[in-house]
Amino acid sequence: MIGAEALFRMEGISKRYGGVRALEKAELVVEPGRIHAILGENGAGKSTLIKVMAGVVTPDEGRMVLKGDDVVFAGPAAAQKSGIACIFQELSLIPDLSVADNIVIADPPQRFGMIDRKAQRRLAEAALDRAGAADIHPAALVKDLPLSRRQVVEIAKALARQPQILILDEATSALTAADVAKVFQVLKRLRQDGMALLYISHRMNEIAELADTCTVFRNGRNVATYANGSKSNDEVVEMMIGREYHNVFPPKPPAAVSDRAPALACRDLSWAGRLKDISLSVAAGEVVGLGGLDGQGQRELLLAFFGVLSGLSGEILIDGKPVTLNSPAAAKRGEIGMALIPEDRKTEGLMLPMSVRDNLSFASLDLLSKASVIDSAAEQRRNEDMLDLLAIKTAGLDIPVGALSGGNQQKVVIAKWLMRRPRIILLNDPTRGIDVGTKQEIYALLRRLAADGAAILFYSTDYDELIGCCDRVLVLYDGAVKRELKGDEISEHALISSALNITGNGHSLREGAEA
Amino acid sequence: MKDWRYWLAEQRGTLVALAIFALMFTIYISNHPAGLTTNVAQTAANKGTLLALVAMAQTLVVITAGIDLSVGAILVLTNCIASMVVTGNAFETTLGVVFVLFVGALCGALNGLIVIYGRLQPIVATIGTGAIFFGIALILRPLPGGTVNETLADAMTGKVFGIVPASLLMLLAIVLVVWLPFCSSVIGRAAYAAGSSETAAYMSGMPIRRGKFAAYTLGGLLASIGGLFLTFFTYSGQASSATASTYTLLSIAAVVLGGVSLFGGRGSAIGAIFGAFAFRAIGDLMFVFDFDALWQPLFQGVILLLAVSIGALGLWRVRNRLEWFG
Amino acid sequence: MSDTTMGRISERMPRFIRRIEPPVAISFACIILLLLFGGLYSSAFLSADYLLQQLKVASFLGVIATGMMLVILLGQIDLSVPWVVAAGAMMACAATAYGPAATLAAVPIGILCGMLIGLVNGIGVAYLRIPSMIVTLATNAVAQGLMVVYTGGFSPRDFATEEMRYLATGSLIPGVPNALIIWAIVGAGMVFVLTRTTFGRAVYGIGNRERAAYLSGVNTRRVVMIAFIAAGGLSAFGGVLLAGYASKAAQGMGDAYLLPAIAAVVLGGTSILGGRGSYLGTVAGVILITLLLSILSVLQMPEAGRQIIYGVVIIAMLLLYGRSPANQ
Amino acid sequence: EGPEVVAGPASDPNCFVPWADQTKFYKYPKKDGPYRIALANGYIANTWRIQMIQSAKAYAAQPEVAAKLKEFKVVSTGEDVPAQVSAVDNFIDSGYDAIVVNAQNAAALIPALKRAKAAGVIVVAFDGTVDDSEDLINVNVDQKGLGILWANWLINHLPNGGKILEVRGVAGHPVDGIRHEGIQETFAASGKKWDIVEVVGKWDDGVAQKVTADAIATSGPFDGITGQGGDTGIVQAMIDAKHPFVPFGGETENGFRKFCAAHAGDGLKCSSAGSGPAQVAVAIKTAIAALEGNVVPQAVKLPLAIVEDPNFKDGTDYYKDQSDNFFVGNSFPTCGIDISAIEILNQSKDNQ
Ligand SMILES: Nc1ncnc2c1ncn2[C@@H]1O[C@H](COP(=O)(O)OP(=O)(O)OP(=O)(O)O)[C@@H](O)[C@H]1O
Ligand SMILES: Nc1ncnc2c1ncn2[C@@H]1O[C@H](COP(=O)(O)OP(=O)(O)OP(=O)(O)O)[C@@H](O)[C@H]1O
Ligand SMILES: [Mg+2]
Ligand SMILES: [Mg+2]
């Protein structure tokens, strides 16, 4: 680290949004051949910082120096020309264009002023290969890919630009360990090649494995910069959240044996070749995890329960009685009382331009109204309850929910369903992109809900979470339940090996990646 | 290798439009008293080409997730101008044609500027500019009339070698000279990207403003070719608000029939051409079936309703209800 | 620049005015400006007679624009307005041929016809997922076809009933045209629905993001369908009032209402993309458009000039306040 | 090959009145009947056009006419001018003997006329005429004369000049322009002082009513009114605004004539004249005559169907209990055409 010349330097960068100070005299030094991790809780200013670097956001003050020269970026295109490639948290792929189109998008190969499709195809294949995603067809449309594949395409797209500085803002948040391992191999190679990398993630283990240097942000300021490994996990988290921090996961209660019919169950559930004869049950008070590689049918399974899929075969049972659910509206109704925290809060969970109030109430309007007329007083009360319960940080109920930080937005999604007091809660990767502090609150909350009698089915891409949170974990592979893990059986080792459908002694991919 | 499947998926809208057109046109021809003579083909081609030009203009804008409600007004304005300037000797006529195309491009560019720099929603911005364009047309041509170089007009609406309708060749030339270069250029890709996801396109550093501007300008240009062709067709200019609104609405219908997504980012002008011809063929059915005159509008409306419902057949295959929402 | 200026100005205003959005405020300011401008030409523009008459005429557009707004809030559009207006009017008048009971029920019959067309629109948009721009275009053609067949073959009765006359031109409260009262009632109903009911919330939610609304357990298809039915009914009701005003129904009587209805809604600050807008804005938009058209007509501006001014005003006003946010 | 230009008079001089002294007379090569005749209509969704089509069908169904026709086909193409031109082309290609056209834009027919001539198909245009071509027969009422008639009516009733409200038709439409010209020229030539307020009523009752109401509120009162259409709406606006009844030169809508009859005593002195939809029958008659090899003028001038105060009679000039929306002046007695508007309107679907 010492002696290495700073490739890029940010000094005294400030940015305000109305009254919100996103960045306050922020500093950052980026050096070649190093991976620099940026940590901070939700809304700390990480994304804003890198948006400034990438030319998306113009800072109110401060200077940026690239290789000794002051630079000002008029827009993302200018930053890219200077060799800065950025993978944004909210991704920047064009859904209706093909994977190949997207990968070469900034600077497609041309002949006679026309895009050379053959050359484009070659470039795209090479980039996908480098990102460890040769399985993605270059002609596929991005919108047909699941989120995890899109993240990989985004990485390939950044690589295709051959930048000097590569920024990854929670670029792996939807990836499972196997995919993350592949990406890490790529990143480490790039580091060897002398590229400067900025890495933002809320997954502490990833940072521990990957980073050389870490910078912690809090409330728009950098709190500390240190060499990776020089601080303990708890110390880091305390710097991030500015208070004491202990164990992440709440204790699991002993498994209670009950002869009541399970709140939620299914028998031989199959759908469109994506779900194959799945049978499972979740009892009231239980937190059941869904594991496995991404895209093995977990999402479809949750949607099937929630009445979104048609043409199901097999049976869904609520309290032991078979039901037919044709819509989320049917699934959330009183007797059933189901809730689904969807995968993508921005398109499925929230209406971003609408107020926090409207979003919180939206799933519970039937409960908050008499003869379809909303009881504003009751609404206000319930909304305030939910803000308290989940400690949602917001300037008020009437501001657009899109103006909250990602983590707080996620809490709103959860709160909007908890307002109904659901008996059955389905969660699709609910802590994606959420800081450790908030995660901890969510875990505790899930436990509390279970203790109050809710049945919880919980898909996560994060193995630690499954291990720490779940009473049982069902590992899916290719649309079928491959393995059920209980109690102490739930370990990273077991999760990974069954996820890969390896019998016997599969070794940890993360270890493998480190080699 | 399943590349062809991706290609097929990409071209589905165009192919469906082609199929609808083929079906309607076959019904039409097999019931036509004269059958498929060169004259019948020429008539159908001329009529279809005019709508196809306007539909292509609309497509360019729709691709950027916009919509051009002034396209009919541009058609009418350029029709009026063409009926004044496209006359005289070869040189004067050429100048006139260039001027008409220039005005069309200018109108399109104005739309583009208002939408891009004024940041107005295209649908309302073009309601406004459409009124302006029509007002100018009315000043230029308070009453229908004017002339056009009849040699050129007859050539463009006639047949080449006595067989091939010249209008189809013109359409082909436009596809080759305007459309294909556009959609395989960086600018064209930026237009698609802007229509698909403007934020993502911006973040990716694409020239979205240039892409949109090019789309609107070329849209105006194509509409003015439509205006020229309308002049060739009628030897005259007319500032008719009915023509303006009819062609605006027909262009939208043709674009949708041609598999272009009104939400932007998806579809091609070639699909829109087939959509336009399919739409014309629907109108032609009136001619060959002996419907009571008073029932014809109803028949046409019902066929249109059925044709646009064809897309709904795909719903049967949807097994994940979230796909309803695109 | 204008944003910050507006912000500064608004800070000095009383609280309840401050809550009015800029589009609404600017529209009302433009209305006053327009009247002052007209007043320079002739003091008649400021007479109570003229103003009440404008409000009466605006009521027809107002009722139609109410339905249009509902549909636009969903992110859709209704291009079937012209012939739904005509069909509503013609069918209401036609009812008189079928005895006194039908004559009494003329108004509901007209509205019902509009709702039927709206139902087809709604099914097409909500259940068949066809873009509204094209379904409503097609139903407009079908409605036109039906009315042509009807006129040509059924010896239509097309006199407005006494009730229709009364609704459109009478005045229950002396000096206040009934049409205006009706618009006020329709508007109040709309405000209530949009702000206080679950249906209204669902409309805004769907307009913002239908997928999220669906996953929240809202029956989005039913909401969309009901909105289109309501829009059809309101258009037809507008037609019925127009028939009362003209004391008869006629083909093509709705032609002049499509673009002004859209323009009024949008000028009032409702986002054409859906999910955002208030009814007060639509009220302002309707009055603005009506006044503008009327003043241009009375000033004997030639049609060409009127079109140009109309277009320029729409664009200029939207440039004042209707711009989407700049790229972050 | 085209017609032979011959000397007049026409075969049926009472009906086929030449437009002007210089109008040529045509003698087309005689063809043997029965004939295939087509009617290419444009827009259909207004009362005038519907009435026109009903009149055409009624005329073609009259026994002596039906005997001469092998086929009578009607196609409406909407407001789309090229679609109508294409329909004409299609009729030419399909071998029809004659095509009768009610053109959306008459000037646009010229290229199609060339093709018709080459194919030996007779084209008769009515309502809107093609003045720049001689490859067809025009049949029309004197639109300018209509404007002159209305203006003269007002001049006669307002000896001291005065303030006139002129409600115009659709901007950019030739008929609106020529009628307006007739009105303006006549007023200007009268030597009296006129203050003319123009508004655009688009030939539509609703629009006309609204603009009239506005005009009355801001520029009224008026001493006389002339309206090209939408006249029922104009009178309605006067009544609503309690505007005094004044002399009025207008079209032939039943509703207008009803008002004229009812309020004549209060000052609503009307001249109601216009172009009846039955002119289509004259056009068909002309086409048949031409096909039979008879001499016809290149341009036929139709008589105006004029009724003026105090001659409005219920049951002949207007129909008190019938719709406001139809055009009463629908007979051309000089041509032996008397298609009562009321009959065709009441023609039920079954007995068509
Ligand atoms: N466009 C914006 N408008 C208003 N406020 C903003 C905007 N962007 C960011 N902020 C504010 O700036 C602060 C920093 O946001 P930023 O996105 O940088 O946080 P972050 O560190 O990336 O958080 P997360 O971990 O949730 O991604 C937040 O409190 C947010 O409220
Ligand atoms: N358009 C906006 N208007 C106002 N504030 C905004 C806007 N966009 C973002 N913000 C602010 O930015 C902050 C974070 O925004 P951002 O979208 O970067 O979060 P995020 O990085 O997605 O969060 P997370 O990492 O938890 O997913 C929020 O606190 C919010 O206040
Ligand atoms: Mg962030
Ligand atoms: Mg963030």
Side-chain angles (χ1 to χ4, degrees), chain A residues 17-18 48 51 56-58 75-76 303 306-308 326-333 336 338-355 357-359 361-376 379 398 400-402 413 416-417 420 422 428, chain C residues 3-4 7-8 11 15 18-19 21 73-75 126-127 129 188-189 191-227 230 269-278 324-328:
Chain A
Y17 291 103
T48 308
K51 281 180 186 164
V56 175
V57 165
T58 316
L303 292 178
F306 205 50
V308 174
N326 285 323
S327 66
K332 79 173 184 184
R333 254 179 229 130
I336 314 261
M338 206 184 286
L340 171 74
I341 314 301
E343 177 181 27
D344 183 355
R345 62 173 172 266
K346 291 199 161 99
T347 63
E348 300 183 333
L350 298 171
M351 291 95 185
L352 292 180
M354 287 174 81
S355 66
R357 179 197 314 276
D358 288 347
N359 273 284
S361 312
F362 203 81
S364 313
L365 290 174
D366 50 338
L367 307 179
L368 294 174
S369 60
K370 288 190 199 82
S372 287
V373 178
I374 297 169
D375 177 349
S376 326
E379 184 187 17
D398 288 315
V401 79
V413 181
K416 105 180 196 190
W417 281 106
R420 292 189 70 82
N428 190 346
Chain C
D3 295 353
T4 53
R8 238 173 281 134
E11 271 162 37
R15 193 182 148 79
R18 226 187 304 153
R19 290 210 355 228
E21 300 147 41
L73 278 179
L74 286 169
Y127 290 87
R129 314 293 315 171
V191 169
F192 179 78
V193 166
L194 286 183
T195 57
R196 304 277 293 121
T197 67
T198 58
F199 178 82
R201 284 282 174 90
V203 165
Y204 281 100
I206 293 170
N208 273 301
R209 207 166 271 284
E210 187 170 3
R211 174 188 287 257
Y214 174 77
L215 281 176
S216 303
V218 168
N219 192 338
T220 58
R221 297 192 295 176
R222 194 172 61 201
V223 171
V224 171
M225 189 175 72
I226 291 174
T270 298
S271 163
I272 196 83
L273 302 177
R276 195 159 46 78
S278 72
S324 22
N327 245 327
Q328 344 63 339

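Computed from a predicted structure; not experimentally measured.
- Side-chain contact between A/V308 and C/L215 is present, with heavy atoms from C-beta onward closer than 4.5 Å.
- The parts of A/S376 that come within reach of chain C are both its backbone and its side chain, each placing non-hydrogen atoms under 4.5 angstrom from that chain.
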Donor-acceptor pairs under 3.5 angstrom involving side-chain atoms of residues 365-375 of chain A: please list them, not counting sequence neighbours.
unit_1, atom_1, unit_2, atom_2, d
A/D366, OD1, A/R420, NH1, 2.8
A/D366, OD2, A/R420, NH1, 3.3
A/D366, OD2, A/R420, NH2, 3.1
A/S369, OG, A/L365, O, 2.8
A/D375, OD1, A/A377, N, 3.2
A/D375, OD1, A/A378, N, 3.2

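- Only the backbone of A/N326 has a heavy atom closer than 4.5 Å to any heavy atom of chain C.
- Atom CG of A/L352 and atom CZ of C/R209 lie 6.5 Å apart (nearest 0.5 Å).
- Chain C forms more heavy-atom pairs under 4.5 Å with one residue of A/L303, A/D344, A/D358, A/T347 than with any other, namely A/T347.
- A 6.0 Å sphere centred on CZ of C/R129 holds more than 12 heavy atoms belonging to other residues, nucleotides or ligands.
- Contact annotation for A/L340: only side-chain heavy atoms (C-beta onward) come within less than 4.5 Å of a heavy atom of chain C.
- Remark: C/Y204 engages A/M354, C/L73, C/L194 in a side-chain contact (heavy atoms from CB on, under 4.5 Å) (not counting sequence neighbours).
- Here the closest heavy-atom approach between residue A/W417 and residue C/G217 is recorded as CH2-N, 4.4 Å.
- Residue C/S216 holds its OG atom at 10.5 Å from CD of A/E348, rounded to the nearest 0.5 Å.
- The two atoms that bring C/V218 and A/K332 nearest to each other are N-NZ, 4.5 Å, heavy atoms only.
- Interatomic distance, CD of A/E379 versus CZ of C/R201, reported as 4.0 Å (0.5 Å rounding).
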